[in-house]
Amino acid sequence: MNRKLTISIDGAVYDGLHALIGRGNIGKFLENLARPFVIEDTLAASYKAMAADETRERDADEWTDAMTPTLDDEAW
């Protein structure tokens with residue numbers, strides 16, 4: 001459920017938000033900034049969602065394997 005919040009901010013900050021983020025997007029922008037600080041399970045849920053993405057995991061494994069030397073590559 002969405003709730004309305006009225007806040008007071010410096011005029012320059014308001015103008016900057018308006019110019020960079022856009023009038024209809026400021027609330028969502030501020031919500032996304034605040035969420036990790038006020039909802040504890042956000043980070044865990046994000047990691048869980050990433051781990052469930054099989055394509056992303058396969059690509060990450062391939063990238064890691066390509067960046068990690070094998071024992072054959074190391075001088076003994």
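Scanning for side-chain contact (heavy atoms from CB on, under 4.5 Å) contacts around Thr55 gives Asp53, Arg58, Asp59, with sequence neighbours left out. A search for side-chain contact (heavy atoms from CB on, under 4.5 Å) contacts involving Ile7 returns Leu5, Ile9, Leu30, not counting sequence neighbours. In this structure Glu57 satisfies the side chain to side chain donor-acceptor pair (under 3.5 Å) test with no other residue, sequence neighbours excluded.
Identified under the side chain to side chain donor-acceptor pair (under 3.5 Å) test for residues 22-31, with sequence neighbours left out: Glu31-Arg35. Annotation: side chain to side chain donor-acceptor pair (under 3.5 Å) contacts involving residues 4-19, sequence neighbours excluded, are absent.
Environment of CD in Glu62: crowded, with over 12 heavy atoms of neighbouring residues, nucleotides or ligands closer than 6.0 Å.
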